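Written out below as structure tokens is the structure these notes cover.
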Amino acid sequence: MKDLFFSLTFENQKELWSSKLNQILKTKISEQQKTLLNQLKKEIGNTEKFADLYGINIQKLAINLAENTSKTDFIAMFTNLRDYHPSNEDPKAICNDCISSLESDWKFSEEILSLDGRLTASCNCKWTCGLCFCTMDVVTTSNCTKTSLGCGFLLLQSCEKRDDLK
């Protein structure tokens with residue numbers, strides 16, 4: 001599924017994320033989350049090229065959302081394109097590891113941007129790859145494999161050093 005997403009034009013990718021964010025906005029989330037999501041939609045809509053997604057405003061919005069969303073919900077909202085279904089997890093059970101990764105390694109990723117037909121779907125990480133968001137029992141917890149398909153928030157980060165996020 002992710003290889004199909006990354007084979008789309010950037011405009012079509014933006015449309016998919018916009019659709020996903022609209023779906024999240026229709027669920028039972030806090031007013032603060034709605035405000036942040038609407039700001040994120042606007043920022044994504046204003047991007048002209050993939051590299052623009054690495055702007056400081058999107059990073060700050062991602063961190064704000066992670067600080068105000070439970071770990072389970074943050075992962076379900078932003079690491080895949082499936083419909084989001086709210087959990088019953090305490091909103092204060094935030095993903096500190098997600099916040100840390102957004103603060104420490106938010107950068108323009110040459111690995112992700114060099115999509116030249118060598119796409120691999122071998123990422124076996126936890127929160128970052130999205131395709132296995134379920135009980136996470138089916139995903140390895142060690143030896144995370146890098147991928148050119150992107151992982152993490154809006155699939156914008158690499159999978160490197162992500163296997164410890166449970």
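The chain is numbered in sequence order, starting from 1. Everything numeric in this text was worked out from a predicted model, so none of it was measured.
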Margin query: Just verifying a value: how many Å separate Ser100 OG and Ile63 CD1, rounded to the nearest 0.5 Å?
Written below: 9.5 Å

Next item on the list: Report yes if some heavy atom in the side chain of Thr47 is under 4.5 Å from a heavy atom in the side chain of Glu43; otherwise report no.
Entry: no

Item checked: Nearest non-hydrogen partners of Ala66 and Leu102, listed with the distance -> CB-CD1, 4.4 Å

Notebook entry, point to check: Can you find a heavy atom in the side chain of Lys42 that is under 4.5 Å from one in the side chain of Asn46?
Noted result: yes

Check: Which distance, rounded to the nearest 0.5 Å, do you find between the CD of Gln39 and the CG of Leu36?
Finding: 5.5 Å

Notebook entry, point to check: Do the side chains of Leu53 and Phe50 get nearer than 4.5 Å, heavy atoms only?
Noted result: yes

Notebook entry, point to check: With sequence neighbours left out, which residue pairs that include part of residues 16-32 fulfil the salt bridge (charged side-chain N to carboxylate O under 4.0 Å, His left out) condition?
Noted result: Glu31-Lys34

Margin query: Can you give me the closest heavy-atom contact between Ile24 and Ile29, atom names plus distance?
Written below: O-CD1, 3.8 Å

Next item on the list: For Asn22, enumerate each residue passing the side chain to side chain donor-acceptor pair (under 3.5 Å) test, keeping only those at least two apart in sequence or located in another chain.
Entry: Lys41

Checklist line | Worked check of side chain to side chain contact (heavy atoms under 4.5 Å, CB included) between Trp17 and Leu40 | finding: CA-CA 10 Å; Trp17 275 116; Leu40 179 61; over 6 Å; no

Margin query: Checking Asn12 against Thr9 for the side chain to side chain donor-acceptor pair (under 3.5 Å) test, could you report, in this order, the C-alpha distance in whole Å, the side-chain angles of both residues, the deciding distance, and whether it holds?
Written below: CA-CA 5 Å; Asn12 286 338; Thr9 66; 3.3 Å; yes

Notebook entry, point to check: CZ/Phe10 to NZ/Lys49 distance, rounded to the nearest 0.5 angstrom?
Noted result: 9.0 Å

Check: How long is the gap from CD on Gln23 to CG on Leu37, to the nearest 0.5 Å?
Finding: 10.5 Å

Next item on the list: Identify the two heavy atoms, one from Asp52 and one from Ile58, that lie closest to each other, and give their separation to 0.1 Å.
Entry: O-CD1, 4.2 Å

Check: Among all residues two or more places apart in sequence or in another chain, which pass the side chain to side chain donor-acceptor pair (under 3.5 Å) test with Ser30?
Finding: Gln33

Item checked: Separation of Leu65 CG from Met77 CE (nearest 0.5 Å) -> 7.5 Å

Output side-chain donor-acceptor pairs under 3.5 Å for residues 84-96, partner residues at least two apart or in another chain, one line each.
from: Tyr84; atom 1: OH; to: Asp73; atom 2: OD1; distance (Å): 2.8
from: Ser87; atom 1: OG; to: Asp73; atom 2: OD1; distance (Å): 3.2
from: Ser87; atom 1: OG; to: Asp73; atom 2: OD2; distance (Å): 3.1
from: Ser87; atom 1: OG; to: Glu89; atom 2: N; distance (Å): 3.1
from: Glu89; atom 1: OE1; to: Ser70; atom 2: OG; distance (Å): 3.0
from: Glu89; atom 1: OE1; to: Lys71; atom 2: N; distance (Å): 3.4
from: Glu89; atom 1: OE1; to: Thr72; atom 2: N; distance (Å): 2.8
from: Glu89; atom 1: OE1; to: Thr72; atom 2: OG1; distance (Å): 2.8
from: Glu89; atom 1: OE2; to: Thr72; atom 2: OG1; distance (Å): 3.3
from: Asp90; atom 1: OD1; to: Lys92; atom 2: N; distance (Å): 2.9

Next item on the list: Check Phe153 against Phe74 and note the closest heavy-atom contact, atom names and distance.
Entry: CD1-CZ, 3.6 Å

Notebook entry, point to check: Which value, rounded to the nearest 0.5 Å, describes the distance between Leu61 atom CG and Ile44 atom CD1?
Noted result: 9.0 Å

